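Counting starts at 1 for both ligands and their atoms, in listed order. Heavy atoms only: backbone and side chains are in, while hydrogens, waters and symmetry mates are out. In what follows, residues are counted from 1 in the order of the sequence shown. Because the structure is predicted, anything quoted here is derived from the model rather than measured.
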Amino acid sequence: MNGTPQPYGLLAEVTHQCPLHCVYCSNPLALLDRQDELATDDWVRVIREAAELGVVQVHFSGGEPLVRGDLETLVAECRGLGLYTNLITSGLGLTPGRADSLVSAGLNSAQLSIQGDAAESTNLVAASKRFDKKEDAARIIRESGLPLNMNVVLHRMNLSRLDAIIDVCVQWGAERLELANTQYYGWALRNRDLLMPSKAQLDEAVGVYERRKAELAERMELLWILPDYYEPYPKPCMGGWAQTALTVAPDGVVYPCPVAAEITTMEFSSVRDHDLEWIWQKSAAFEAFRGTKWMPDPCRSCSRKELDFGGCRCQAFALTGDPGRTDPVCMHSPDHHLVQDALVRANQEDAAADGDTIREKLLYRRPRTSARER
Ligand code: SF4
Ligand code: FES
């Protein structure tokens, strides 16, 4: 591989269609229509090329991947190639029959997202009243024999409910729960001032997390995804640009991460025009920020550059318009004031504004927002 790293994970975003409208959705602001999506044969070819490239795990995501009727075919292709498969789902649309057919095809695991501990929080964040369907989906996943992994995105509207959220996941039989503090891209960046928690809220939530993690150690694995705006240094996003994983969008365009479609100053290649090996090894976009040679100061001369890789390229672009700048989360970044300003606002406002007031202000991800409507 001439020194090029080998990817181990493929995020297959098979569709942008989704029954939910989450205010922190990380899909691009301009969502793709069904007619833009790769056909089954294209996805099968992508999976084969990914396996040849070294990928060992395929995560089927979206939107809601259950919308695709050919998911079983894709999962079966993975099984034939010895790849581990994971379904990332809202749970809406999951029936016992669908779960059984996916398990028969070889599905290895499922991750079910919730927005909170009750119908109100689901409705506030995702504009969906179907919290009951989430509970059904959890039961269906367990009864199908799959391990139940769960995920909840945390923000100022649900952090104070963390204990209750964990209780729900325990009751539903989750084996693993990812507590993912909001990362501010896409829709989340648009809603940042309404989603950003105060420092006091976060400190309290960290206490809850630590207490429950210890209590539940024998029963459920709890993971805390850091709220990076409050950190002194950025996250080592994706383990470095084009180092460990790739994302194929519904239309076949390939990205080094799930958010990079938002970097409008870069051109990314499609599996319709090139094979995955060429895109991974040779395309200009994948080469652009690989390693450390591209780094500007302060990263270039920083002792942490092999630890965090200068942070997140998507965040750098989202906040500065230049994906090649140091992540503004870093305390050494010349753009750090952009993050500090957001934190000052978050700590000034009343974190307990009522749901109706917030609902009027939130921007919900709209279904099929096409590039023309952007
Ligand atoms: Fe990381 Fe760059 Fe900040 Fe150093 S200066 S900590 S490498 S982001
Ligand atoms: Fe794209 Fe961090 S989300 S590099």
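- Classification of Arg45 and Glu49 as a salt-bridged pair holds, one side-chain N sitting under 4.0 Å from a carboxylate O.
- Atom 2 (Fe) of ligand 1 has no N, O or S atom of Cys330 inside 2.8 Å of it.
- Counting only heavy atoms of the protein, atom 4 (Fe) of ligand 1 lies nearest to Cys302 SG, 2.3 Å.
- No side-chain heavy atom of Pro328 sits under 4.5 Å from any side-chain heavy atom of His336.
- In summary, Glu215 and Arg211 engage in a salt bridge, as defined by a charged side-chain N under 4.0 Å from a carboxylate O.
- Applying the 4.0 Å criterion to heavy atoms of Thr326 picks out, from ligand 1, the atoms 8 (S).
- Across Ala316, Cys257, Pro256, heavy-atom proximity to atom 1 (Fe) of ligand 2 is greatest for Cys257.
- The residues Arg48 and Glu52 are annotated as not salt-bridged, no charged nitrogen and carboxylate oxygen being separated by less than 4.0 angstrom.
- Contacts between Pro234 and ligand 1, counted as non-hydrogen atom pairs separated by less than 4.0 Å, involve the side chain only.
- Distances from ligand 2 to the non-hydrogen atoms of Tyr185 include at least one value under 4.0 Å.
- Between Trp280 and Phe286, the ring centre distance stays below 6.0 Å.
- Counting the atoms of ligand 2 from 1 in the order shown, those under 4.0 Å from a heavy atom of Cys237 are 2 (Fe), 3 (S), 4 (S).
- Salt bridge absent: Glu210 and Lys213 never bring a charged side-chain N and a carboxylate O closer than 4.0 Å.
- For atom 7 (S) of ligand 1, the nearest protein heavy atom (residue, atom name, distance) is Asp308 OD1, 3.3 Å.
- For ligand 1, the atoms closer than 4.0 angstrom to any heavy atom of Lys305 are 7 (S).
- Heavy atoms from both the backbone and the side chain of Cys312 come within less than 4.0 Å of ligand 2.
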Quiz item: Hey, mind stepping through Trp294 and Phe289 against ring pair (Phe, Tyr, Trp, His ring centres under 6.0 Å) and telling me if it holds?
Solution: CA-CA 6 Å; Trp294 61 272; Phe289 303 118; 5.1 Å; yes
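- In terms of protein heavy-atom proximity, atom 2 (Fe) of ligand 1 is nearest to Cys299 SG, 2.3 Å.
- With 3.5 Å as the limit, one finds no donor-acceptor pair spanning the side chains of Ser113 and Asn151.
- With salt bridges taken as basic N to acidic carboxylate O contacts below 4.0 Å, none links Glu287 and Lys282.
- For atom 4 (S) of ligand 2, the nearest non-hydrogen atom of the protein is Arg313 N, 3.5 Å.
- Residue contact check: Tyr233 has heavy atoms under 4.0 Å from atoms 6 (S) of ligand 1.
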